[in-house]
Structure formats: structure tokens, C-alpha cells
Amino acid sequence: MQLAAKYNPADVEDKWYAYWQKHRLFHSEPDEREPYTIVIPPPNVTGVLHMGHMLNNTIQDVLVRRARMLGKNACWVPGTDHASIATEAKVVAKLKAEGVDKAGLTREQFLAHAWEWKEKHGGIILEQLKKLGASCDWERTRFTMEPALSDAVTRAFVHFYNKGWIYRGVRMVNWDPVGRTAVSDEEVIHREQQATLYYIRYYIGDGSGAYLTIATTRPETIMADTAVAVNPNDERHKHLHGKKVLIPLIGKEIPVIADDYVATDFGTGCLKVTPAHDINDYEIGLRHRLPVVDILDDDGKLNEKAQILVGEDRFAAREKIARMLANAGHLEKTESYANQVGFSERTSAVIEPRLSLQWFLKMKDMAEPALQYVMNDEIKLIPDKFRNTYRHWMERVCDWCISRQLWWGQRIPAWYLPNGDVVVAATEDEALLAAQKTNPALTKTDLKQDDDVVDTWFSSWLWPVSVFDPQAIGNPGHTPNADLQYYYPTNDLITAPEILFFWVARMIMAGHEFMGAAPFRNVYLTGIVRDKQGQKMSKSLGNSPDPLMLIARYGADGVRMGMLLTSPAGNDLPFDESLCEQGRNFCNKIWNAFRLIKGWQAGAHAAQPAHAAQAVTWFRNALHKTIADINDDFDKYRLSEALMKVYKLFWDDFCAWYLELIKPHAGQAVDEVTRSATLSFFDMLLRILHPFMPFISEELWQQLSARNDGESLMTQRLPAAGGFDEINISNFEMTKNAITAVRTIRQNKNIPMKEPLELYVKGDFDPALFPLMQKMANLSAVYPHAQQAGQPGASFLLGTTDFFIPLGNLLNAYEELKKLRDDLAYQQKFVAAITQKLSNAKFVQNAPAQVVALERKKQADGEARIKAIEDKLLIVNG
RNA sequence: GGGAGCUUAGCUCAGCUGGUUUAGAGCACCUGCCUUACAAGCAGGGGGUCAUAGGUUCGAACCCUAUAGCUCCCACCA
């Protein structure tokens with residue numbers, strides 16, 4: 001069969017993925033082998049694949065496939081996250097587009113729409129991962145809101161409630177007025193914004209015309225002011241302590257209070273105190289027992305307590321009130337001011353600090369052991385610079401607001417009784433039983449369940465446990481099932497640093513709480529995929545290529561390589577399509593090397609030529625050395641470097657040197673010894689390539705020789721690092737340099753490759769390697785001694801070995817002489833520098849013996865080279 | 001404001017315990033080649049004051065100090 005000159009990924013990718021699935025090669029069951037486990041960071045169920053997923057999942061697949069080929073029982077558990085707020089926002093938007101308002105729906109109606117949406121869009125992303133070649137155990141696919149996992153979340157809630165760590169209280173929380181829900185501190189992103197600082201006059205209520213001026217960026221909240229505060233030590237305002245001022249526009253009287261919090265060197269030294277809409281003001285309010293006036297509704301519009309601008313959005317109100325204040329003569333001035341504003345991670349709405357009744361989980365007691373796992377290296381963060389960041393956060397962790405005013409998610413298992421009491425239980429029946437202990441007359445209709453759901457992360461922090469055995473959460477006395485016992489703790493977690501606290505830290509806490517053990521051993525933190533301008537690639541910026549389009553264009557293997565080429569752990573990946581192009585080109589190189597080998601006839605009786613025997617010996621050594629190097633890279637999670645070594649091994653060592661060496665001249669056959677050695681090398685190379693480039697390696701492995709149905713490269717063993725001969729490798733290295741030097745002379749002197757040359761070698765060089773040079777540099781003869789005096793030609797030095805090519809009339813004698821003299825001058829300078837170093841008594845005394853010996857050898861070698869050049873100058877000069 | 005990290009070739013990065021002749025790689029670039037596996041290729045080549053300035057040391061890309069620039073994380077100054 002004639003193979004095309006170019007590799008066409010589309011011909012093979014779907015075929016092999018289907019084959020792997022058909023033979024259940026991704027599936028894992030506990031057995032006597034050592035497990036290797038990864039749980040996928042579950043993507044949003046209705047999400048689509050973006051470049052971050054591509055990077056993240058390529059890394060996971062490389063690690064999983066490699067572990068599998070190392071003989072481990074590899075299990076990569078896939079799944080999706082219900083992504084409470086993100087999904088609910090999408091469903092709300094979709095309904096809105098259809099003219100349906102969420103407020104007009106019952107919870108049940110809304111959830112019906114949400115599930116419909118999930119069924120329609122859910123899992124698309126998992127299908128996309130298959131295009132990438134992800135070897136997930138799809139039979140184990142989980143969803144964070146499937147019944148068993150939701151029940152585990154509920155039990156976790158009950159568990160912590162009974163432990164006294166979950167409590168309900170009124171606190172200032174981060175309110176997302178678009179999502180109309182509370183969000184946790186970690187879901188707030190602070191960004192600097194150019195704002196306006198308004199200087200507003202508050203007149204003293206005595207009609208004297210005296211006033212003080214406050215500076216604020218939020219004039220629309222003045223109606224919620226319940227005091228104006230000044231620093232007690234601020235001389236400027238001491239006379240005002242205890243006086244009353246009037247809120248402009250509404251004329252409400254509020255006290256002037258003294259509090260240390262107020263800075264004297266900022267603004268005017270007077271602070272409006274708005275306990276309902278600012279966390280600091282809230283705390284001042286608590287200290288001074290100020291009333292709380294909340295003038296904002298949950299959607300960020302002013303309510304009737306504001307008295308004016310009722311129903312206006314907070315930002316519209318800000319502009320309007322500024323004009324009203326100016327018209328009323330209360331606006332002293334405005335100035336531009338850069339301040340930090342919090343935005344919602346999910347909806348991008350400006351976060352509103354808001355007082356509300358929420359559920360919280362105490363973190364202190366969980367943070368401590370979770371910190372220890374990382375500090376004592378039971379869990380390794382890769383790269384380890386994240387240890388500091390992790391510690392910093394864990395040491396100052398605050399209680400976690402876990403309730404969300406949403407419907408899509410696990411509903412909080414708390415029921416309120418008619419008398420206002422609350423019972424927390426895993427089910428309604430259990431809640432009723434508990435309630436009846438105090439009042440036997442109660443029935444189910446008396447119980448009213450909390451409307452809120454829990455934060456998404458309150459479900460995903462259970463993921464490494466619940467994907468295997470959801471019953472292991474919150475069931476005292478439960479014996480972990482076989483899966484959990486076998487696969488937990490998992491080995492590696494591959495995720496983005498952005499969710500180190502959201503998710504990774506909390507998984508460690510949950511793992512410790514429910515399993516008494518860390519959920520994973522290593523956390524590999526990927527970087528952010530950026531475009532050429534350094535911007536994060538995102539759908540909203542429109543600078544992200546469509547991953548499936550990339551796969552169509554460059555092949556999955558090409559894209560995988562593109563993702564891995566320049567992304568060491570923790571580093572951002574400056575993505576460029578040319579990286580995928582390089583991957584595609586590499587695939588083509590592999591393909592063509594195969595075409596060459598495949599074309600050789602078996603059973604040729606020719607004797608193995610000397611150069612081929614040398615080549616086989618050398619490549620075996622080079623291969624084993626590289627395998628050892630790659631193993632070392634993987635031990636250190638240096639995937640980019642491992643890939644680069646594979647790339648060079650295949651392209652440079654195997655194709656450019658080995659194949660070129662053993663390649664017969666046109667029409668000649670390859671001897672059988674060399675041919676079978678080459679096939680065996682190629683087989684090993686495919687194994688090494690497979691974790692990185694699963695499709696092309698499988699395709700070629702299948703073509704390499706007849707395979708049984710169900711056989712696959714992905715379940716073969718990686719070649720183990722064998723011993724190798726360093727001397728042979730370095731001798732070959734020198735041979736390569738000699739060949740390159742001869743080729744350079746050809747190029748410089750315009751001597752075509754077809755024209756054979758002679759070579760004289762004087763000095764340390766193994767004559768056994770002469771045939772290699774003859775083949776690769778087209779040398780008719782190599783003589784193991786110096787040329788005759790007076791011969792015109794070109795020469796070069798490698799180490800202390802002198803090489804000479806007679807060129808007859810091709811030579812430009814003047815040029816050659818100049819080159820030798822330049823060389824001589826350089827060597828003399830070099831030796832002079834070393835001689836000076838060696839004449840420094842302190843150096844000879846203090847430096848280790850081998851360093852001094854090395855310098856001595858450099859000196860001797862340099863002197864030998866000088867001697868050789870001088871000799872040659874004599875010869876050239878005749 | 002606090003903390004962490006970075007700065008090595010045009011770009012992206014290695015350089016691990018201070019000493020391996022004159023600091024490496026991939027890509028890009030330049031030159032010559034369609035040589036029967038591959039032009040998505042082959043052969044050859046050029047390119048760096050290791051951010052700057054001091055210091056320690058026999059010896060510094062590497063250790064210390066300062067300066068400049070960049071990045072990330074955390075944080076309630078209106």
C-alpha cells in the first residue's frame with residue numbers, strides 16, 4: 001500500500017478513539033496493580049471547551065497515558081460541575097430572551113427549565129474532550145448534581161451543622177445584584193477603577209450655616225447614612241463632636257461621632273457612616289450602636305427607604321443625585337479618583353456590600369490541618385512557589401458564606417418551624433422526626449425548607465471522595481467501598497492557580513474531614529493561556545481560537561504538542577497557532593520516517609555494513625540515555641522539557657543522523673540485521689511518543705506489524721531506561737562535529753556533496769568511526785595521520801584532533817592562511833587567560849583539586865592546539 | 001498598603017550543589033539546495049555586557065545589597 005506523503009489526522013483520530021473505547025481500554029477497576037488516579041477538575045456542565053481546558057486536559061492525558069504504559073492501573077475520572085450561579089445565569093438569560101421572567105416562575109418550574117437546559121447542553125464539553133484524545137474512564141462519568149452526589153452534599157451540611165461549625169447569621173456579605181445572591185470573598189475580583197470623589201456638605205442642624213464636608217465615591221448612599229464620623233484626635237473637627245448634621249436633600253438629622261477608624265489625612269477627615277452599605281461603616285455602626293438603613297433592593301435599585309430616587313438603579317441614581325446635590329448647593333467639588341472596586345466573578349456585576357442573613361461555615365479548625373499537609377510536603381504544589389501563597393491564605397482564612405440565593409444547586413437542608421426554630425436534617429422525614437421531639441403535633445406542612453442552595457464549591461470540594469463513594473460523606477461508620485479504598489488518595493491534581501483556594505484548599509479540608517487523608521499527593525498548577533499581546537484568552541475578549549477548529553486544522557496530536565511546547569508548570573502559555581503548526585510538522589516527520597522504514601524489504605541477505613553497525617550501536621545508547629533523561633523530567637513534572645527531548649530524539653537523532661546513516665543508496669536493500677534493529681527502535685520511539693501524541697503513534701504502531709483485535713499501543717509498556725555507553729555517545733558526538741565541519745567546508749567552498757573528498761585525521765579519534773564519516777560527508781578515504789607537507793587544503797580542529805581536507809586548486813590559500821592565523825591568535829589568548837588563572841596561588845590553593853586539574857588540562861590542550869596550528873602554518877607555507 | 005515571584009538570543013524558555021575550554025535549546029532569521037521518506041523538508045550559518053550598579057569569593061547568570069522594570073496573590077482608607 002502506498003502511503004500519502006503527508007499525514008492526515010482526520011483519517012485516523014476518530015477511528016482509534018472509537019477503537020480504544022470499544023475495547024474499554026480507558027476503563028479501570030481495582031486490581032492488584034498500583035493505582036494511578038486523577039480526578040478531572042469538572043468543567044461547567046453547560047460549558048464549551050476553551051484553551052484553558054485544552055492545556056489542562058492535555059497535561060492530564062499525558063500523565064495518565066504514561067502511568068498506564070508504566071504498568072499502573074490508571075484511572076482518570078471525568079465529570080461535570082453543575083456550576084450553580086453560572087448555569088442559573090445562563091438559564092435566566094435564555095428565559096428572558098424568550099420573554100419569561102424568572103420571578104414569575106415557581107422554583108419547580110424554573111428547575112424544570114434548568115434541567116431541560118442541562119440535558120440539551122450538558123456534556124457537550126465531554127464530547128469535545130474526546131476529540132483531544134482524553135483517555136478518561138467514561139464509564140465513571142459523574143455530575144456534581146446527580147442524586148448520589150447531591151445527597152452527599154446534604155449529609156456534609158448536616159455533618160458540619162451537628163459539629164457546630166455551620167451557623168446562620170446576619171453578616172455583611174458580598175452581594176451580586178445581577179445574580180441576586182450572596183457570593184463568597186473568593187468570588188469577588190478587585191479591580192482598580194477610575195471613580196469620582198464627591199465632596200458633599202452636611203450642614204449643622206442649628207441653622208447657623210456651619211457645615212462639614214465629607215468625601216465619598218458613592219453619593220447615592222447618603223440617604224442610608226446614620227452618622228458622620230471624625231477622628232477623635234482631629235483638632236479640625238473637635239468642636240463638632242456630639243452635634244447633629246442634616247443629610248442633604250432629605251434633611252434627616254444624624255449625629256457626628258468620633259472613631260479611630262477615620263483617617264485624618266484622607267479626603268476631608270470626615271466620613272459618612274453608612275452601616276448598611278459598607279463593611280467598615282457597618283463595624284463603626286456596631287461600635288456606636290447606630291441604626292442600619294438599607295436603601296437598596298436585592299437587584300441594586302433604590303427602595304422607598306431612600307425617600308428619593310426610589311426605583312432607580314444605583315449607578316443611575318449616583319449621576320442624578322450628583323446633579324441634585326450640585327443644584328442644591330451641597331456639592332463642593334468633585335475629583336477623579338482611582339479606587340478598588342469588587343466585581344462578581346460570575347456575573348461581572350459590581351459587588352454591593354449588603355447585610356443579610358446567611359449560612360456560614362467556620363474555617364479555622366479546618367484550615368490548620370489543611371495547611372499542614374502542604375507545609376510538611378504530604379501534598380506537593382508544583383511549582384512550589386505556590387506554597388507561600390497557600391500558607392498566606394490559610395493563615396488568615398475567614399468563615400465561608402455557603403448559602404446562595406439561587407435555585408440551581410443543592411438546597412440547604414434546614415427546615416423552619418412555625419415557632420421560628422430551625423432543624424437541620426438530611427431529609428424532610430428526618431427533619432419532621434426531629435421537630436416532633438419538641439412538638440409531636442407537627443406535620444410536614446408545618447415545615448418550611450430554607451429557599452437557598454449551597455455554594456457550588458460546597459459540592460465540588462467533595463469531588464475526589466464522592467466520585468468513588470458518595471456514601472463515604474457524612475455516614476458515620478460507613479466502610480469505604482472498594483473503589484474508594486483503592487483509588488483514594490488520588491495521585492495528581494491538575495488545575496489552575498486561580499482556584500487554589502476556591503477548590504484545592506477546600507478539597508484538602510474535606511479530604512481530611514471525611515477521609516482523614518489528603519485527597520491527592522501532587523497539585524500541578526498550570527498557567528493561563530494568553531494571546532500574543534499577553535491578554536488572557538477568553539471568549540468575551542474574542543481572542544481565543546476555537547479548540548475544535550485547531551484540532552481540525554493541525555490534528556489533535558499537533559495541538560497537544562502545541563499546548564505543551566512552552567508551558568512549564570506555573571508559567572503562562574503565550575499561545576500562538578505556530579506552536580500547533582510545529583506539532584503538525586512533527587507528526588508529518590514521524591509519518592515520513594515510517595514511510596521510509598516501511599518501504600524496506602524484509603529478508604535481504606546483504607552483510608551489515610560497518611557504518612550501519614556503528615549507527616545501531618550509537619542509537620541504542622542515545623535512546624537509552626534520552627529515556628533516562630525523560631524519566632527524570634517526568635519525576636520533576638517538567639513536561640515541556642520531556643517533550644522537547646522526545647522531539648529531538650526523534651527528529652535529530654533518529655531521522656537526521658541514524659536513518660540518514662543506515663539509509664541505503666537508491667535501489668539497494670537494507671540488510672536484515674539493520675532493518676530489524678530499526679523496526680525495534682521505531683517501536684520504542686512510538687511508545688515514548690504515545691503519551692504526548694496518542695493518535696499518530698497508535699496508527700503507526702498498528703501498521704508496523706500485524707496486531708490482534710483489541711491490541712493497542714496504549715496498553716504496551718514504555719521502554720525502561722537501560723544502561724548506555726557514555727564514551728560511545730561522546731565519540732559519536734565528535735564524529736558528528738567532524739561531519740558538520742566537512743559539510744561546512746563544502747558549503748563555503750561551493751563543493752557539491754556529490755564530489756568525494758579525502759580526509760586526514762591526526763590525533764585522538766577512533767578509526768572505527770571512519771565509515772560513519774565516509775557515508776555522511778562523502779569521503780572517498782580517511783587517513784589516520786597528518787597530510788603531507790605542502791599540500792594545499794582546509795583544516796579544522798576538534799578538541800586536540802586535527803583534521804585536514806586536501807583541496808588542490810579549490811583552495812584559496814590566502815583565506816586559509818588568514819583563518820589559521822585568526823585561530824592561532826584566539827588560542828593564544830585563551831591559553832594566556834588560563835595560565836594567568838593557574839598562576840594565581842590562591843586559586844590553586846582554594847579551588848577543588850579536580851577544578852585545578854581541569855584548568856591544567858585546558859591549558860595543555862590549548863598549548864597542543866597552538867602547536868598544531870603552528871605546524872600547519874609551516875606546512876601551508878610550504 | 002502587605003506578600004510572593006520574575007528580568008538570560010528577535011520570541012518562548014533551560015541553566016538543579018558557584019567551577020565542564022568561549023552560556024544552551026526550540027522557534028524565528030540568513031545562505032545554499034525540490035538530493036527517490038518528508039519543501040509541513042534537507043544542509044550550513046549568524047545571533048547574548050545573563051536588567052543596572054555595587055559587594056562576597058581564587059572563581060558569579062547562580063550568593064548578598066541597592067536601583068529600575070514586569071507579573072501574580074492578598075487587603076475595608078471613604
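Within every chain, numbering begins at 1; the chains are lettered A, B, ... in the order of the sequence lines, protein sequences first and strands thereafter.
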What protein N or O atoms touch nucleotides 41-43 of chain B N or O atoms at under 3.5 angstrom, if any, and at what distances?
unit_1, atom_1, unit_2, atom_2, d
B:G41, O3', A:K589, NZ, 3.1
B:C42, OP1, A:K589, NZ, 2.6
B:C42, OP1, A:W651, NE1, 2.8
B:A43, O3', A:R743, NH1, 3.3

Between [N] and [M], how far is it from one [atom1] atom to the other, in whole Å?
N     : M     : atom1 : result
B:A75 : B:U67 : C1'   : 27 Å
B:G2  : B:A28 : P     : 45 Å
B:G69 : B:C42 : P     : 45 Å
B:A9  : B:G46 : C1'   : 11 Å
B:C74 : B:C30 : C1'   : 49 Å
B:A43 : B:C27 : P     : 12 Å
B:A53 : B:A14 : C1'   : 27 Å
B:C63 : B:A25 : P     : 23 Å

Any N or O donor-acceptor pair under 3.5 Å from the base of B:U71 to the side chain of A:R530?
no
Tell whether A:Y261 reaches the base of B:C76 with its side chain through a donor-acceptor pair below 3.5 angstrom.
yes
Please enumerate all protein N or O atoms sitting under 3.5 Å from an N or O of nucleotides 23-26 of chain B, with distances to 0.1 Å.
unit_1, atom_1, unit_2, atom_2, d
B:A25, O2', A:K648, NZ, 3.0
B:G26, O2', A:Q582, NE2, 2.8

Write out a two-atom table: protein N or O, nucleotide N or O from nucleotides 15-17 of chain B, distance below 3.5 Å.
unit_1, atom_1, unit_2, atom_2, d
B:G15, OP1, A:R638, NH1, 3.4
B:G15, OP1, A:R638, NH2, 2.8

Out of A:R584, A:E581, A:Q582, A:E577, which one pairs with A:Y554 under the side chain to side chain donor-acceptor pair (under 3.5 Å) rule?
A:E577
Looking at the rings of A:Y647 and A:F692, which for Trp means the six-membered one, are their centres under 6.0 Å apart?
no
Below 4.0 angstrom, N of the basic side chain to O of the carboxylate: do A:E220 and A:R314 qualify?
no
For RNA chain B, the residues among residues 384-399 of chain A that have a non-hydrogen atom under 4.0 Å from it
A:N388, A:T389, A:H392
Under the rule of Watson-Crick or G-U wobble with both distances under 3.5 Å, where | means paired to another strand and [ ] a crossing pair, RNA chain B maps to (((((((..((((.....[....)))).(((((.......))))).....(((((..]....))))))))))))....
Could you note down all residue pairs passing side-chain hydrogen bond (donor to acceptor under 3.5 Å, both in side chains) where residues 831-843 of chain A supplies at least one of them, sequence neighbours left out?
A:T835-A:Q859
Decide yes or no for A:K645 and A:D632: does some side-chain heavy atom of the first lie under 4.5 Å from some side-chain heavy atom of the second?
no
